[in-house]
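Atoms within each ligand, like the ligands themselves, are counted from 1 in listed order. In what follows, every heavy atom counts, from backbone to side chain, and hydrogens, waters and symmetry copies are set aside.
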Amino acid sequence: MIRWFPLSIVLSLAAGPALGTPAVAYEAVKVTDGGSITGKVVFAGTPPPKRKVVPTKDREVCGSGIREVDQILLGGDMAVQEAIVYLKEVDKGKAWPKPAKAPAIDNVKCDFRPHVQVIPAGDLEIVNSDPVLHNTHGFLGKLTVFNVALPNQGQRITRPLKRTGLVRVECDAHGWMLGWIHVADNPYHAVTAKDGTFTLADVPPGSYTLVAWQEYTGAVEVPVTVRAKEVTSVPVELKKK
Ligand SMILES: [Cu+2]
């Protein structure tokens, strides 16, 4: 059965991006009676204008025209794409899935790919696909968690991300470049699809706090109760603070 939570329980906006905390002990256990959380993240409000950026260097690679950068990616019905969704402070649950590929962020035509991603604490590969120097710099709050110069095309450098939390990625050579990495402390997380939907499966029955975050709006927290072998549907609304 599907359990609908009314929108009115959507709680307070969290105070800014989470500062990093040392990885809490997460215990992987066999989940036999887990439930699922599904939902759709929508934006409430007036969509912001695109950010206009004019590359001032490396124009042969970065482009010489005006770049229009989305502050929020919206699909139909104000669905929010590329929002990060996760459960907060989970002490035990399913095992971490084996990643399909090693976590990586690539510099491509003076943009980060992917723009938004969730990875487990551990190694991150930083790649330069461009024939120009990028200096990829990750911040957890104000703390630098990696800072690497990649002068050569095809270069790959691995750095450990030990602390969990939201990492903002910038390029010291190209001020407009911006990417986001949520370093997760448990495997219950997702990035929303084009239609704003997400699913978190095999959640042990219990009460949780679901967090949804997007770079323009910031975060919102929603309480969720998961019952054994049931699907709980959670609508999530993001608005600009
Ligand atoms: Cu760069």
message = For residues 31-54, which residue pairs pass the salt bridge (Lys or Arg N to Asp or Glu O under 4.0 Å) check, not counting sequence neighbours?
response = Lys50-Asp70, Lys52-Glu68
ask   = Any idea which heavy atoms bring Asp185 and Trp96 closest together, and the distance?
value = C-CZ2, 3.6 Å
message = Holding to ring pair (Phe, Tyr, Trp, His ring centres under 6.0 Å), I want the full list of residues that pass it with Tyr216, two or more places apart in sequence or in another chain.
response = none
ask   = Distance-only, no hydrogens or angles: does the Asn107 side chain make a donor-acceptor pair with backbone N or O of Val127 under 3.5 Å?
value = yes
key: All pairs passing disulfide (SG to SG under 2.5 Å) where residues 25-127 contributes a residue, at least two apart   = Cys62-Cys110
inquiry  = For a distance under 2.8 Å, give residue and atom name for each protein N, O or S atom next to the Cu ion (ligand 1).
reply    = His134 ND1, Cys171 SG, His174 ND1, Met177 SD
Ile66 atom CD1, over 12 foreign heavy atoms within 6.0 Å = no
